[in-house]
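See structure below.
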Amino acid sequence: MRRVLGITHKRPGSIQPPGFPSGFGRSTRGGACAAHPREYIPPPMADVHNPFARAAAEAVAAATGVPASELTVTAPPRPELGDFAVGCFPAARAAGQPPPAIAARVAAAFQPTALLASATATGPFVNFKVDRAAAFRWVVDATLGDGASLVPRVTDRTVCIDYSSPNISKHLAYHHIRSTVIGHALAQLHRELGWRVVGINHLGDWGTTHGMVIAALQKWPPEGPLDVTTLNALYVRYREAIKEDPSLADEARAWFKKLEDGDPQARALWEKQREVSWAEFAQVYDELGIRFDEIRGESAYEADMPGVIEMLQAKGLTSISEGALVVEIPGEKTPLLLKTKDGTTLYATRDLAAAQYRWNTYHFDRSLYVVDRGQGLHFKQLFKVLEMAGFDWATRCEHVPFGLVRLGGKKTSTRAGAGAGKQDVVLLREVFREAQAGIRDRLRESNTDLSDDAVDAIARTVGVGAVVFANLAPQRDRDFDFEWDKVLSTEGDSGPYLQYSHARCASILRKSGTSVVLDDATRAALARLGHDAEWAVAKRVLDFGDTVARSAASCEPHILAHYLLDLAGDFSRWYTAGNGDASLRVLCEDAETRRGRLALTAAVRTALARGLALLGLGAPDVM
RNA sequence: GAUCCCAUAGCUCAGUUGGAUAGAGCGACGGUUUCCUAAACCGUAGGCCGCAGGUUCGAUUCCUGCUGGGAUCACCA
């Protein structure tokens, strides 16, 4: 199922003169689907991974007769009230009694279990306290064991994720990062949960745009090696030239037509564009640690166009509207366009083909399109047409929309790439370079014993981490205002803060001079743990699995991002408690306590590292 | 005009199918380092959760309307 990373070389399909250019300054992708609003549906209590939370619900269920699936477990507003709270509202409704009375009865009948130590009624809630020793054991086993039990796993499920999907002959600019980073996080999250994941880069490599670049290459042959900057400049210049001499548009069309017809010269130039573009994209993807399972551009579907159209025609779905071949959609004002009045296929047609290809190839349970919200209507209609065509799997297709990236309050992704001045676009590689430079300086100051290579390596990891995290922390739907200070921030709620917390864990473990081993002695030492700051850390780790599941199910990486901030904060509070009191340090005098604390530190380190990896961030051992 | 998204502290944002005293970060002010890395931690100040109705025992959360901001609305992708 996995494909080797590389460009799938594509034979131009048939005919169709190209549509009118434009759109070059825009990612092929971007959009939201209002027709299929995928709301996150929490799992029934029986599927909650945290065994302590589940036990709390089951205890109330057993005492009241209300099924656990109807109960919700939450965290009490203040930790001293308890660890997990179950509201007695459903039981009260069923019994016709006030919730506090039910809560009191449940608490009175409670008998301690292996997982739960006590139950207290507070108003309508039953607040459970966990058996801390059992919880510490669970946390350490789940994180330091084989890793299987930290998160809930599914089997035999497949998800296709279309993300990043830039246009060739153009730089990866900052506005591409959201799709790239969100898509990658969703891929990682699903992998963690046991899904088969097909990460797809649906390159924008087809259309008259590319005919324009070919024409420009003919007209103004560049000197020296070709790169994306040159290609983009040629494109911009050509577009400008068309304004003066409209016949150049026909020339570009003619070149695209040649490309479609398999003309060797056109094809060679087009392939060169792809090659040069991919070389640059690959550098950025490498920097981000992203590998796609399938790199299959729009050109790959050109040969499927006639079949798609025939299929829709055979089902009687097509009609001619204003000269264009369309599918009218009940309840929609505008139809889905399959072909222009000139006979050119459109991207909707290619998306229909791509959707079918993905189904036929992977039989996915979910097919995600991580595309900006502006494309909402397109996907809504696309999925609707698939449904109208009788594909019941259409309901498995989901739009994963995200907000715009703005620069100084302005939209940065430009439809008319020609008019975009340099100041309107922030290049991704420039952002990374800037981020890494600042961090490199910082490291040289604070870690003078590090080699230059080590400094460079850490600066890369932390610099990228800052940028990636800044994009993942806000929920997808919100627009994103690009601000250098914020994106490059290494303090407070930031990627570097998480990485720093991880480095502190690593540092403490390093200084212990021992390695944490998951054995009986370690488990026994956990009995020494328990003060509030320590307990807060362990309790947080209990939620790791359910958080990952929720984040993946709702396609919201920010849920995990905020969880990790909480975890890092809990850990920071814990270890700084040792600043004023040596007996509270991990590396304290008492050997048994020390052993237990080291195990918890190792658990946090593992949870942070795994969480960071899921978001696409590295976890350095030194900062 | 139609549709969609958003509105929570000065700023940027969280808030787990409706529940207990709405939380972080930044900024401001004040503290913490002979001590496992101060990229950290603690404290103080700061809120009509846009407005008005509705459903409910209970609404920041769900529904309707309104205001304000953004996006989309066919032969571009």
Side-chain angles (χ1 to χ4, degrees), chain A residues 19-32 34 39-42 72-78 81 85 87 89 92 98-99 122-125 167 204 206-209 298 321-326 332-342 344 346-348 350 372-378 380 401 403-404 406 411 415 439 442 446-447 462 473-475 477-479 481 483 485-486 489-494 496-497 499-501 503-504 507-508 510-512 543 546-547 550 558-559 562 565-566 569 572-573 575-582 585-588 601 622-623:
Chain A
F20 194 76
S22 110
F24 193 54
R26 208 169 159 189
S27 163
T28 36
R29 286 313 190 181
E39 289 166 22
Y40 171 68
I41 299 165
T72 53
V73 179
T74 57
R78 294 180 302 288
L81 289 173
F89 307 100
T122 308
F125 294 91
N167 286 329
W206 207 241
T208 332
T209 287
E298 297 192 292
S321 171
E322 297 176 30
L325 184 67
V326 305
E332 291 286 333
K333 294 182 76 171
T334 56
L336 190 77
L337 273 80
L338 300 176
K339 275 181 167 183
T340 68
K341 59 185 168 220
D342 299 327
T344 309
L346 292 163
Y347 81 127
R350 294 192 276 274
D372 80 75
R373 196 202 307 131
Q375 297 284 333
L377 186 61
H378 165 66
K380 180 181 177 184
L404 294 175
R406 285 205 182 75
K411 188 178 172 181
R415 175 179 289 248
I439 287 155
R442 175 76 178 262
S446 56
N447 287 286
V462 178
Q475 52 177 270
D477 261 351
R478 303 187 83 98
D479 289 343
D481 280 307
E483 293 168 48
D485 288 350
K486 200 175 170 194
S489 169
T490 67
E491 293 178 355
D493 288 351
S494 68
Y497 170 64
Q499 292 171 320
Y500 176 76
S501 300
R504 291 299 299 269
S507 171
I508 291 169
R510 207 161 45 233
K511 292 211 165 159
S512 75
D543 285 331
D546 289 316
T547 303
R550 195 157 60 92
H558 90 279
I559 292 173
H562 283 273
L565 289 171
D566 288 337
S572 296
R573 270 183 288 281
Y575 78 70
T576 49
N579 283 355
D581 183 347
R585 290 183 207 165
V586 175
L587 303 178
C588 59
T601 302
V622 178
M623 270 179 78

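Keep in mind the model is a prediction, meaning the values are calculated, not measured. Numbered from 1 within each chain, the chains take letters A, B, ... in sequence-line order.
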Give each protein N/O atom lying under 3.5 Å from an N/O atom of nucleotides 42-44 of chain B, with the pair distance.
{"from": "C42(B)", "atom 1": "OP1", "to": "Arg573(A)", "atom 2": "NH1", "distance (Å)": "3.1"}

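- Regarding Lys333(A), its NZ atom lies at a distance of 8 Å from the P atom of A2(B), rounded to whole Å.
- For Glu322(A) against A74(B), a side-chain-to-base donor-acceptor contact under 3.5 Å is present.
- The distance from atom NZ of Lys511(A) to atom P of C36(B) is 7 Å, rounded to the nearest whole Å.
- Set against A24(B), A74(B), A40(B), the side chain of Tyr497(A) has A40(B) as its closest nucleotide.
- Summarising the geometry, the separation between CG on Asp485(A) and P on A39(B) is reported as 18 Å, rounded to the nearest angstrom.
- Nucleotides U17(B) and C76(B), compared at atom P, are 46 Å apart to the nearest Å.
- Phosphate contact (OP1/OP2 of A40(B), side-chain N/O of Ser572(A), threshold under 4.0 Å): absent.
- Taking the side chain to side chain contact (heavy atoms under 4.5 Å, CB included) definition, one finds that Arg442(A) meets it with Thr490(A), sequence neighbours left out.
- Comparing C63(B) with A77(B), their P atoms are spaced 36 Å from each other, to the whole Å.
- Residue Leu404(A) has its side chain nearest to G70(B) when only G70(B), U21(B), A40(B) are considered.
- Between the P atoms of U67(B) and U3(B), the separation comes to 14 Å (whole Å).
- The shortest distance between the side-chain N/O atoms of Tyr500(A) and the OP1/OP2 oxygens of A39(B) is below 4.0 Å.
- Counting all heavy atoms, side chain and backbone alike, Ala582(A) lies closest to Cys588(A) at O-CB, 3.8 Å.
- Rounded to whole Å, the P atom of U61(B) lies 15 Å from the corresponding atom of A22(B).
- Taking CG of Leu587(A) as the start and CD1 of Ile508(A) as the end, the distance is 6.5 Å to the nearest 0.5 Å.
- For A39(B), the base has a donor-acceptor partner in the side chain of Thr490(A) [N/O atoms by modelled type, under 3.5 angstrom].
- To the nearest 0.5 angstrom, Arg585(A) atom CZ is 11.0 Å from Lys511(A) atom NZ.
- Close to A7(B), at under 4.0 Å from its OP1 or OP2, lies a side-chain N or O of Arg478(A).
- Of the P atoms belonging to C36(B) and C26(B), the separation is 23 Å, rounded to the nearest Å.
- As judged by a 4.0 angstrom heavy-atom cut-off over every strand, Gly580(A) is placed among the base-contacting residues.
- Comparing A24(B), A74(B), C13(B) by their nearest atom to the side chain of Leu337(A) picks out A74(B).
- With A74(B), A77(B), A39(B) as the choices, the nucleotide that has an atom nearest any side-chain atom of Ser321(A) turns out to be A74(B).
- At distances below 3.5 Å, not a single donor-acceptor pair connects side-chain atoms of Arg373(A) with backbone N or O atoms of Leu404(A).
- Here the separation of A28(B) from C11(B), taken at their P atoms, is 16 Å to the nearest Å.
- Between the CZ atom of Arg585(A) and the C1' atom of A40(B) there is a distance of 15 Å, rounded to whole Å.
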Between the protein and nucleotides 15-17 of chain B, are there any N/O to N/O pairs under 3.5 Å, and if so, what are the atom names and distances?
{"from": "G15(B)", "atom 1": "OP1", "to": "His558(A)", "atom 2": "NE2", "distance (Å)": "3.2"}
{"from": "G15(B)", "atom 1": "OP2", "to": "Gln475(A)", "atom 2": "NE2", "distance (Å)": "3.3"}
{"from": "U16(B)", "atom 1": "O4'", "to": "Arg550(A)", "atom 2": "NH1", "distance (Å)": "3.4"}

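- The minimum heavy-atom distance between Ala92(A) and Pro98(A), with the atom names listed, is CB-C, 4.0 Å.
- Nearest to the side chain of Pro335(A), among U37(B), C41(B), A74(B), sits A74(B).
- No engagement by Ala92(A) is indicated, since no non-hydrogen atom pair under 4.0 Å with the nucleic acid exists.
- Nearest nucleotide to the Val586(A) side chain, out of A40(B), A39(B), C36(B): C36(B).
- Nearest to the side chain of Leu377(A), among U72(B), U21(B), U37(B), sits U72(B).
- In plain terms, the two heavy atoms of Phe125(A) and Gly87(A) that are nearest each other are CD2-CA, 3.6 Å.
- Rounded to a whole Å, the CG atom of Asp493(A) is 11 Å from the P atom of A24(B).
- Helical stems in RNA chain B, defined as runs of 3 or more consecutive Watson-Crick or G-U wobble pairs with donor-acceptor distances under 3.5 Å: B:1-5 with B:69-73, B:10-13 with B:23-26, B:28-32 with B:40-44, B:50-54 with B:62-66.
- Nearest-nucleotide positions on RNA chain B place Thr122(A) closer to the 5' end than the other of Tyr575(A) and Thr122(A).
- Between Ser507(A) and Val622(A) there is no side-chain heavy-atom pair separated by less than 4.5 Å.
- In terms of the side chain to side chain contact (heavy atoms under 4.5 Å, CB included) criterion, residue partners of Ala348(A) (sequence neighbours excluded) are, by chain and number, Leu336(A), His378(A).
- Here the straight-line distance linking atom CG of Leu346(A) with atom CG of Leu338(A) works out to 8.0 Å at 0.5 Å rounding.
- Contact annotation for Pro76(A): base contact, defined as any heavy-atom pair under 4.0 Å involving a base atom.
- Evaluation of atom-type donor-acceptor distances gives no pair under 3.5 Å for the side chain of Thr209(A) against the base of A77(B).
- Within a 6.0 Å radius of CG in Asp485(A), other residues, nucleotides and ligands contribute 12 heavy atoms or fewer.
- Between C73(B) and Lys380(A), no contact under 4.0 Å exists linking OP1 or OP2 to a side-chain N or O.
- Toward the 5′ end of RNA chain B lies the nearest nucleotide of Asp477(A), the other residue of the pair Thr576(A) and Asp477(A) mapping further downstream.
- Taking atom CG on Leu587(A) and atom P on U37(B), their separation rounds to 8 Å, with Å as the unit.
- Taking atom C1' in both G30(B) and G18(B), the straight-line distance is 40 Å, to the nearest Å.
- When the side-chain nitrogen and oxygen atoms of Arg350(A) are compared with OP1 and OP2 of A77(B), one or more of them lie within a distance under 4.0 Å.
- For Trp206(A) against Arg350(A), the heavy-atom pair with the smallest separation is CD1-NH1, 4.0 Å.
- Residues passing the ring pair (Phe, Tyr, Trp, His ring centres under 6.0 Å) test with Tyr497(A), sequence neighbours excluded: none.
- In this structure, Arg504(A) atom CZ and A39(B) atom P are separated by 8 Å, rounded to whole Å.
- Between Asp481(A) atom CG and A7(B) atom C1' the separation is 14 Å, expressed in whole Å.
- Interface remark: the Arg373(A) side chain does not form any donor-acceptor pair with the U72(B) base, using a distance-only criterion of under 3.5 Å.
- Here the separation of U60(B) from U16(B), taken at their C1' atoms, is 14 Å to the nearest Å.
- Among the heavy atoms of the strands lying under 4.0 Å from Ala503(A) is at least one base atom, whether or not backbone atoms are also near.
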Under the side chain to side chain contact (heavy atoms under 4.5 Å, CB included) criterion, do Glu332(A) and Leu377(A) qualify, and how do the steps go?
CA-CA 10 Å; Glu332(A) 291 286 333; Leu377(A) 186 61; 3.7 Å; yes
